[in-house]
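All chains are named by letter (A, B, ...) in the order of the sequence lines, taking the proteins before the strands, and each is independently numbered beginning at 1.
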2 protein chains.
Amino acid sequence: MKELAKDILIEKGVSPSYHRLKVLEYLLENRNHPSADDIYRKLIEEIPTLSKTTIYNTLKTFVESGLVESFNILQNEVRYEYNLNPHAHFLCKKCGKIYDLPDYDNCLKNQIIAGHEIHDHQINLSGICKNCREKE
Amino acid sequence: MKELAKDILIEKGVSPSYHRLKVLEYLLENRNHPSADDIYRKLIEEIPTLSKTTIYNTLKTFVESGLVESFNILQNEVRYEYNLNPHAHFLCKKCGKIYDLPDYDNCLKNQIIAGHEIHDHQINLSGICKNCREKE
DNA sequence: TACAATTTTGTAATCATTACATAATTGAAT
DNA sequence: ATTCAATTATGTAATGATTACAAAATTGTA
Ligand SMILES: [Mn+2]
Ligand SMILES: [Mn+2]
Ligand SMILES: [Zn+2]
Ligand SMILES: [Zn+2]
C-alpha cells in the first residue's frame, strides 16, 4: 500500500497544490535526507518555471504542519525528511552520507526534563561509515 | 583552583598567543554557549583592532585540537563551549537560552554502531524552558 | 640583526536562507 | 460563466554567517 502524497497532505490540512505534491512525492521517494537545493535541482527538470522560494515556502509549511522533519546535522544547510518514526542520524565525515539509526531513538519528546518542556529531540552522530571503513 | 587559559593551551600544544588567550578566557568565563559573533562583540571592546577572522581562525584551531566543542543546535549559526564532559543541550524556543543537561549524555563516542565508527555525538533538545514556563 | 615561520588583519567572495512585492491560480459566490 | 477574495507561486534583492586569500604584523631563533 503505497502512500499517496495527496492523501497525506489532505489529512494534515495542507491544501494539495501541484508544487506541494511534487515536493512531497520527492521526499517519499528519496529517503536520503535531501537539502532544499537537492529537491529544487531535481524538480526544476520537469517544472522549468519552479522557484527556489517555492521550495523553501513548501518545506516551511510541511515542517510547521508536522508532516516533515528538518534537522541541523550540518552546520551550513538544513536537511529534510519524511520519516515520523523517532530515530538518530549518523553523518559520515568522509562520504557525506546521512544514515538512519532507528535503534538509538531514546526519544524524550513531550517529556519534562529539569523543568524544561521537550518539544523536539535530535540525535546527531558523526564519524566514518561502514562503507568508507571497508574501503580502507 | 582556577583553570589557567595559558596552561590549557600549552597542554594541548596550541601556542598561547594574546588573542587565543583572550578567546579561551572568554569561553572559560562565559558558559552560555556563545556564537563567534558574541565573542567578537565582547573582545572588540578591549581589543579595538581585533578582526572577526581571528575569532573564526582561533575557534577552528581550538575545535581541531579538541580544546573546545562546537555544535549546531541552531540552523543559522554555530555555537561554541569549553566543556569536555559529555552532555546534552536544550534550546528554549521562547527565550533562546541554551541549557546543559548533564544527565542525558548517553554518549556513544568511539563506539561502533551498525558498522559505523562514531567520532562525535550531539544531543539537541528544544522546547520551552523552566523559566519561560513559570512566567505563563 | 636577519630571516623564516606563525599569527593576525582586511577585504571580498560564497552560499543558504529570508523578505517582500508582484503575479498567477484557485475556489466559492453571484 | 464572471467576479472577487484568498491562497499559492515567482523573482529579485537583501541578509548574515562563514570562508578564501593575500598582505601585514609579530614571534622565535640563528
Ligand atoms: Mn532520517
Ligand atoms: Mn554545553
Ligand atoms: Zn562514508
Ligand atoms: Zn526560555
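Between A:Lys60 atom NZ and C:dA16 atom C1' the separation is 16 Å, expressed in whole Å. Residue A:Arg20 contributes atom CZ, which lies 12 Å from atom C1' of C:dT26 at whole-angstrom precision. Protein atom CG of A:Leu74 is 11 Å distant from nucleotide atom P of C:dA16, rounded to whole Å. Regarding A:Asp37, its CG atom lies at a distance of 14 Å from the P atom of C:dT18, rounded to whole Å. To the nearest angstrom, P of C:dT8 lies 14 Å from CD1 of B:Ile44. We find that CD1 of B:Ile39 is positioned 17 Å from C1' of C:dT8, with the value rounded to whole Å. Spacing between atom CZ of B:Phe62 and atom C1' of C:dT8 amounts to 14 Å, rounded to whole angstrom units. In this structure, B:Asn72 atom CG and C:dA16 atom C1' are separated by 14 Å, rounded to whole Å.
Using a 4.0 Å heavy-atom cutoff across all strands shown, A:Asn57 reaches at least one base atom of the nucleic acid.
In the displayed structure, A:Lys130 atom NZ is contacted under 6.0 Å by at most 12 heavy atoms of other residues, nucleotides or ligands.
Checked for salt-bridge contact, B:Asp120 and A:Lys93 miss the test: no charged N lies under 4.0 Å from a carboxylate O. With respect to the salt-bridge test (charged N to carboxylate O, under 4.0 angstrom), the residues A:Arg41 and A:Asp37 qualify. Using a 4.0 Å cut-off between charged side-chain N and carboxylate O, A:Glu81 and A:Arg79 make no salt bridge.
Between the side chains of A:Thr54 and A:Asn57, no donor N or O sits under 3.5 Å from an acceptor N or O.
Using cut-offs of 30° and 60° on the angle between ring planes, the pair A:His116 and B:Tyr99 is tilted.
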A:Leu9/A:Phe62 under side chain to side chain contact (heavy atoms under 4.5 Å, CB included): CA gap, chis, key distance, verdict: CA-CA 9 Å; A:Leu9 288 175; A:Phe62 286 179; 3.5 Å; yes
Derivation and outcome, side chain to side chain contact (heavy atoms under 4.5 Å, CB included), residues B:Leu125 and B:Ile73: CA-CA 8 Å; B:Leu125 307 166; B:Ile73 200 167; over 6 Å; no
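DNA chain C lies under 4.0 Å from at least one heavy atom of each of the following residues of residues 47-56 of chain B: B:Thr49, B:Leu50, B:Ser51, B:Thr53, B:Thr54.
If A:Tyr80 and B:Tyr18 are placed on DNA chain C by their nearest nucleotide, the residue sitting closer to the 5' end is B:Tyr18. Both B:Glu77 and A:Ser17 lie close to DNA chain D; mapped to their nearest nucleotides by heavy-atom distance, the more 5′-ward contact belongs to A:Ser17. Place B:Gln75 and B:His19 on DNA chain C by their nearest nucleotides, and B:His19 ends up nearer the 5' end.
Under the 4.5 Å side-chain criterion, counting only non-hydrogen atoms from C-beta, A:Leu101 is not in contact with A:Ile123.
Nucleotides of DNA chain D that come within less than 4.0 Å of any heavy atom of chain A span, from the 5' end to the 3' end, D:dT8 to D:dT19.
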